[in-house]
Amino acid sequence: MSDNLSTSLKTRKILLSGVKPTGKPHIGNYFGAMKRFVELQDVYESYIFIADLHAITTVQNREELVNNTINVVLDYLAIGLDPKKVCIYKQSDVPQVTELAWIFNCLTTVPYLMRAHAYKDAVANGKEPNVGLFDYPLLMAADILIQDADVVPVGQDQKQHVEIARDTAEKFNRIFGPAKDGASETFKLPEPLILEDVATVPGLDGRKMSKSYGNTISLFATDDDIEKVVMNIVTDSSGEHPENVYAIHALLKDKELLDNLYKENKGKYKILKEMLIDDLQDFIRPIREKRQKLEKDKDTVLEVLREGGRVARERVEKKMEIVRDKVGLKLS
Ligand code: TYM
């Protein structure tokens, strides 16, 4: 695998993204971002990681973090990411990322970071955010910029974070100038890749699907779980059709076909829910079964991370040599 991975990551444009190991992934994560990782693995040179350092802003339990981290790798493999094509790694296996985040800390003002949504939401909800949560966007900027990412496939909720990465790249380039050869800026400006239709996948209650709202459908839910959660959806009967049922169904079915079905079954909420259950079960079953097979082979997961970490570290070290030189942390 090692030779294959290094040689297949060559001169195409670079894609980078990550998922936090904070719990079970849901279909919002999948349709909003993860599906794109798979679709684009042959198009871009791809770096997909598990954001365990971001996760510890909230998960502070060893067992839970270890299990969640392994689970995200299993999820990646089950949805079809191919470790021979994509560099899959664990964020904390690439310590240069935290080194770069510190450099960014020193370029960024506190009032600027206070405008970040995640921090503002935490404060608005009466939480006392830890420093890690406050600094979250700069660690994310380091993730993105250290790999020279051109595109970052994410859901709408991460758009501001990619903008902060762009601002940070611009600021660094402005202060420290282009790389030594004069050929290019030190950091590229990354673009978020957000698909309009699935920018914010709604949850069971119509709000954004989110682990923290408890309104999710797990990407690996059992047939029974799917039936239970869909039957428990509280439907809103004020519009043409039950909006939240329709919105989830629209992820799985062609719009024209779906509109016809909803027209034919107007007002028959139970039948519409049953159709959604069938479609969800058909969509989730094969990936759940693939994941169950993969679960038996934990060594493969660890090997994927070992190899991905090695490739990622080697690559970013070259970038950090340039950065340290620009900043004056390298003396020759
Ligand atoms: P995380 O783990 O919260 O979510 C993973 C991805 O799923 C997307 N997503 C959604 N998309 C549409 N509708 C929804 N309801 C929905 N819920 C979640 C998220 O936008 C995300 O793309 N900060 C990131 C992890 C991260 C990262 C990075 C991503 C760390 N460093 C660098 C990209 C680049 C996060 O918390 O994702």
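In this text, all values refer to a predicted model and were calculated from it rather than measured experimentally. Note that ligands are numbered from 1 as they come in the structure, with each ligand's atoms numbered from 1 the same way.
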(message) For atom 6 (C) of ligand 1, what is the closest protein heavy atom, and at what distance to 0.1 Å?
(response) A33 CB, 3.8 Å
(message) Any donor-acceptor pair under 3.5 Å linking the side-chain atoms of D259 with those of Y246?
(response) yes
(message) Between R166 and E170, does any side-chain N to carboxylate O distance fall below 4.0 Å?
(response) no
(request) For A51, take its heavy atoms, then give the atoms of ligand 1 lying under 4.0 Å from any of them. (result) 30 (C)
(message) Under 3.5 Å between any N/O of V201 and any N/O of ligand 1: does that happen in this structure?
(response) yes
(request) Answer yes when K270 and E274 have at least one side-chain N-carboxylate O distance shorter than 4.0 Å, and no when they do not. (result) yes
(message) Judged on heavy-atom distance to atom 26 (C) of ligand 1, which of M140, Q156, Q147 sits nearest?
(response) M140
(request) Take the angle between the ring planes of F283 and Y30 and call it parallel below 30°, perpendicular above 60°, tilted in between. (result) tilted
(request) Give the numbers and elements of all ligand 1 atoms closer than 4.0 Å to a heavy atom of G32. (result) 11 (N), 12 (C)
(request) On the 0 to 90° scale, with breaks at 30° and 60°, tag the Y136-H54 ring pair as parallel, tilted or perpendicular. (result) tilted
(request) Run the contact test for S210 against ligand 1 with a 4.0 Å cut-off on heavy atoms, strictly below, and give the result. (result) no
(request) Check whether any N or O atom of D157, backbone or side chain, sits under 3.5 Å from an N or O atom of ligand 1, and answer yes or no. (result) yes
(message) Determine whether a donor-acceptor pair (N or O, by modelled atom type, separation under 3.5 Å) exists between the side chain of Q96 and the backbone of M320.
(response) no
(request) Would you kindly say whether Y112 and D167 are connected by a side-chain donor-acceptor distance under 3.5 Å? (result) yes
(message) Against ligand 1, does H26 come closer than 4.0 Å with any heavy atom?
(response) yes
(message) Using a 4.0 Å cut-off to any heavy atom of V198, which atoms of ligand 1 qualify?
(response) 12 (C)
(message) Starting from atom 3 (O) of ligand 1, what is the nearest protein heavy atom, named by residue and atom, and what distance separates them?
(response) K20 CE, 3.8 Å
(message) Out of all atoms in ligand 1, which are within 4.0 Å of some heavy atom of I144? Include the element for each.
(response) 32 (C), 34 (C)
(request) List every atom of ligand 1 that sits less than 4.0 Å from any heavy atom of V152, numbering the atoms from 1 in the order shown and giving each element. (result) 33 (C), 34 (C)
(message) For the NZ atom on K24, are there more than 12 heavy atoms of other groups (residues, nucleotides or ligands in this structure) within a distance under 6.0 Å?
(response) no
(message) Taking atom CD as the centre, does E196 end up with more than 12 heavy-atom neighbours from other residues, nucleotides or ligands that are less than 6.0 angstrom away?
(response) no
(message) Heavy-atom count check: over 12 atoms from other residues, nucleotides or ligands less than 6.0 Å from M231 CE?
(response) yes
(message) Quick test: of every protein heavy atom, which one is nearest to atom 4 (O) of ligand 1, and how far off is it to 0.1 Å?
(response) N29 ND2, 3.3 Å
(message) Less than 4.0 angstrom from a charged side-chain N to a carboxylate O is my criterion; do R313 and E317 meet it?
(response) no
(message) Which of the numbered atoms in ligand 1 are under 4.0 angstrom from any heavy atom belonging to H54?
(response) 30 (C), 31 (N)
(message) With heavy-atom distances below 4.0 Å as the criterion, list the atoms of ligand 1 near T200.
(response) 12 (C), 13 (N)
(message) Is Y30 close enough to touch ligand 1? Criterion: a residue heavy atom under 4.0 Å from a ligand atom.
(response) no
(message) Return the closest protein heavy atom for atom 10 (C) of ligand 1 as residue, atom name and distance.
(response) G28 O, 3.4 Å
(request) Please check if atom NZ in K319 has more than 12 non-hydrogen atoms from other residues, nucleotides or ligands closer than 6.0 Å. (result) yes
(request) Examine ligand 1 and decide if any of its atoms is less than 4.0 Å from a heavy atom belonging to A199. (result) yes
(message) What I want to find out is whether R310 reaches E314 closely enough, with some N-O distance under 4.0 Å, to be called a salt bridge.
(response) yes
(request) Look only at interatomic distance and state if L16 has a nitrogen or oxygen under 3.5 Å from any nitrogen or oxygen of ligand 1. (result) no
(request) Work out whether the distance between some heavy atom of Y136 and some atom of ligand 1 is less than 4.0 Å. (result) yes
(request) Could you list the atoms of ligand 1 found under 4.0 angstrom from a heavy atom of K208? (result) 15 (N)
(message) How far is atom 25 (C) of ligand 1 from the closest protein heavy atom, and which atom is that?
(response) G18 O, 3.6 Å
(request) Would you mind telling me if ligand 1 is within reach of the side chain of F31, the backbone, both or neither, using heavy atoms under 4.0 Å? (result) neither
(request) Answer yes or no: is there an ion pair linking E321 with K318, defined by an N-O contact shorter than 4.0 Å? (result) no
(message) Tell me whether M209 has any N or O atom under 3.5 angstrom from an N or O of ligand 1.
(response) yes
(request) Tell me yes or no: between the side chains of K211 and T22, is some donor less than 3.5 Å from an acceptor? (result) yes
(request) Quick one: look up the protein heavy atom nearest atom 31 (N) of ligand 1 and list residue, atom name and how far away it is. (result) D143 OD2, 2.7 Å
(request) Please report which non-hydrogen protein atom sits nearest to atom 21 (C) of ligand 1, along with the residue it belongs to and the distance in Å to one decimal place. (result) Q158 CG, 3.9 Å
